[in-house]
Amino acid sequence: HTYGDQSGIVALFSGERTEPGSRRLTNCQFAYFQYPAQIDYAELFCLRRSSEGCEVYSCAHLLNDRRRIKANAAPLLALYADGDGATVGNGIPEPTAVVQSSPGREQFYWRLTSPMPPREAEHLNRRLAYAMGADESGWDLTQLLRVPGTRNHKYPETPIVKIVALRDE
């Protein structure tokens with residue numbers, strides 16, 4: 001949904017939370033996979049790290065090189081915002097995908113009809129986040145968002161990160 005028929009590099013990050021609710025992660029790992037050729041390996045990495053009790057995050061767009069910096073951002077096929085408890089309000093298009101990272105917390109994605117230059121997409125991500133009252137740091141080109149199918153170990157219940165809405169329009 002977010003990468004479409006593009007090609008590039010998927011950037012993943014994982015780390016073990018020192019205790020529930022803590023922001024500190026240890027045993028951190030970065031992993032990079034070619035998309036679409038290595039997406040099965042990326043999925044295995046995510047599921048393995050999650051089963052080991054680690055948080056798993058993905059860069060919300062593809063990269064052109066194996067380093068998660070703004071200069072390496074590939075054109076974006078989807079805009080995104082970390083809702084952090086915010087909801088989509090009046091005047092904001094309905095997202096094409098909603099990922100529940102924990103009960104009451106969502107990540108929102110808006111699929112575009114064609115790829116957009118990274119800086120322009122980042123500007124729109126920021127506008128969406130501010131208009132929604134979402135996480136004001138959850139829109140940039142180096143943003144990491146939780147991966148569906150993994151567990152959120154921030155909470156003692158370790159909820160599964162899941163896709164709750166997906167539209168092709």
Side-chain angles (χ1 to χ4, degrees), residues 1-14 31-51 54-63 68 73-118 120-135 137-155 157-169:
H1 186 80
T2 56
Y3 305 150
D5 60 359
Q6 294 181 296
S7 60
I9 298 168
V10 173
L12 301 172
F13 172 79
S14 69
Y32 299 93
F33 299 91
Q34 288 292 329
Y35 179 84
Q38 296 180 319
I39 198 63
D40 291 341
Y41 295 109
E43 183 179 359
L44 289 173
F45 172 86
C46 294
L47 295 175
R48 178 178 54 82
R49 291 294 285 169
S50 182
S51 72
C54 295
E55 308 290 1
V56 183
Y57 303 93
S58 173
C59 186
H61 54 82
L62 295 174
L63 302 175
R68 190 177 48 87
L76 279 68
L77 192 57
L79 301 177
Y80 51 85
D82 185 355
D84 203 20
T87 57
V88 177
N90 292 336
I92 299 173
E94 282 296 312
T96 56
V98 178
V99 173
Q100 184 182 62
S101 57
S102 64
R105 305 272 184 193
E106 289 86 21
Q107 301 165 169
F108 301 99
Y109 298 86
W110 291 265
R111 175 74 184 255
L112 303 170
T113 55
S114 61
M116 176 177 273
E120 289 178 36
E122 182 180 55
H123 177 72
L124 290 176
N125 284 344
R126 182 178 184 179
R127 290 184 65 184
L128 283 165
Y130 278 68
M132 294 172 51
D135 184 342
S137 67
W139 48 264
D140 65 297
L141 290 174
T142 60
Q143 184 65 37
L144 292 168
L145 296 171
R146 291 188 181 272
V147 176
T150 64
R151 291 203 171 267
N152 182 339
H153 298 278
K154 185 175 182 180
Y155 304 99
E157 306 82 29
T158 65
I160 294 176
V161 178
K162 56 188 171 186
I163 299 169
V164 295
L166 186 61
R167 299 181 310 120
D168 286 331
E169 297 177 15

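Index from 1, following the sequence. Note that the coordinates shown come from a computational prediction; the quantities given were computed from them, not determined experimentally.
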Residue pair Leu112 / Met116, side-chain heavy-atom distance below 4.5 Å: yes

Is it true that atom OH of Tyr41 has more than 12 heavy atoms of other residues, nucleotides or ligands lying nearer than 6.0 Å? no

Are the side chain of His153 and the backbone of Ser50 linked by a donor-acceptor contact shorter than 3.5 Å? yes

Among all residues two or more places apart in sequence or in another chain, which pass the side-chain contact (heavy atoms from CB on, under 4.5 Å) test with Gln6? Leu62, Pro75, Leu77, Pro115

Would you please name every residue forming a salt bridge (charged side-chain N to carboxylate O under 4.0 Å, His left out) with Arg105, sequence neighbours left out? Asp84

If you compare all heavy atoms of Cys54 against all heavy atoms of Ser14, which two are closest, and at what distance to 0.1 Å? CB-CB, 4.4 Å

From Glu43 atom CD to Arg48 atom CZ, the distance as rounded to the nearest 0.5 Å: 13.5 Å

Leu128 and Trp139, any side-chain heavy atoms less than 4.5 Å apart: no

Looking at Thr158, is its backbone amide N or carbonyl O close enough to the side chain of Arg151 to form a donor-acceptor pair, meaning the two atoms are under 3.5 Å apart? yes

Checking Ile9 against Gln34 for the side-chain contact (heavy atoms from CB on, under 4.5 Å) test, could you report, in this order, the C-alpha distance in whole Å, the side-chain angles of both residues, the deciding distance, and whether it holds? CA-CA 5 Å; Ile9 298 168; Gln34 288 292 329; 3.6 Å; yes

Can you find a heavy atom in the side chain of Phe108 that is under 4.5 Å from one in the side chain of Val88? yes

Heavy-atom nearest pair, Ala73 first then Pro118, reads O-CG, 3.4 Å

Arg127, CZ atom: more than 12 neighbouring heavy atoms under 6.0 Å: no

If you measure from CG on Leu79 to CG on Asn125, what distance do you get to the nearest 0.5 Å? 5.0 Å

For the residue pair Arg167 and Glu94, establish whether any side-chain heavy-atom pair is separated by less than 4.5 Å. yes

Closest approach of Leu47 to Gly149 (non-hydrogen atoms, all atoms of both residues): CD2-O, 3.7 Å

Could you check Leu12 against Arg49 for side-chain contact (heavy atoms from CB on, under 4.5 Å), going step by step and ending with a plain yes or no? CA-CA 11 Å; Leu12 301 172; Arg49 291 294 285 169; over 6 Å; no

Can you tell me how far apart CD (Gln107) and CG (Asp135) are? Round to the nearest 0.5 Å. 10.5 Å

Does some side-chain heavy atom of Arg111 sit less than 4.5 Å from a side-chain heavy atom of Thr2? no

Output yes when a side-chain donor or acceptor of Gln100 lies under 3.5 Å from a complementary backbone atom of Glu106, and no otherwise. no

Here the gap from His123 atom NE2 to Asp140 atom CG, rounded to the nearest 0.5 Å, amounts to 14.5 Å

Between Val147 and Cys46 the two heavy atoms that sit nearest each other are CG1-SG, 4.0 Å

Any heavy-atom pair between the side chains of Phe13 and Ser58 that's under 4.5 Å? no

Can you tell me how far the CD1 atom of Ile160 sits from the CD atom of Glu157, to the nearest 0.5 Å? 13.0 Å

Taking C-beta and beyond as the side chain, do Val10 and Tyr3 meet within less than 4.5 Å on heavy atoms? yes

Closer than 3.5 angstrom, by distance alone: can the side chain of Tyr35 be matched with the main-chain N or O of Gly4 as a donor-acceptor pair? yes

Heavy atoms of Leu166 and Ala97 approach each other most closely as CD1-CB, 3.9 Å

Between Ser101 and Arg146: side-chain donor-acceptor atoms closer than 3.5 Å: no

Just say parallel, tilted or perpendicular for the rings of Tyr80 and His61, cut-offs at 30° and 60°. parallel

Examine distances only and state if a side-chain atom of Thr150 and a backbone atom of Val161 form a donor-acceptor pair shorter than 3.5 Å. no

Heavy-atom nearest pair, Cys59 first then Leu144, reads N-CD2, 3.6 Å

With heavy-atom distances below 4.5 Å as the criterion, would you say the side chains of Leu63 and Tyr32 are in contact? yes

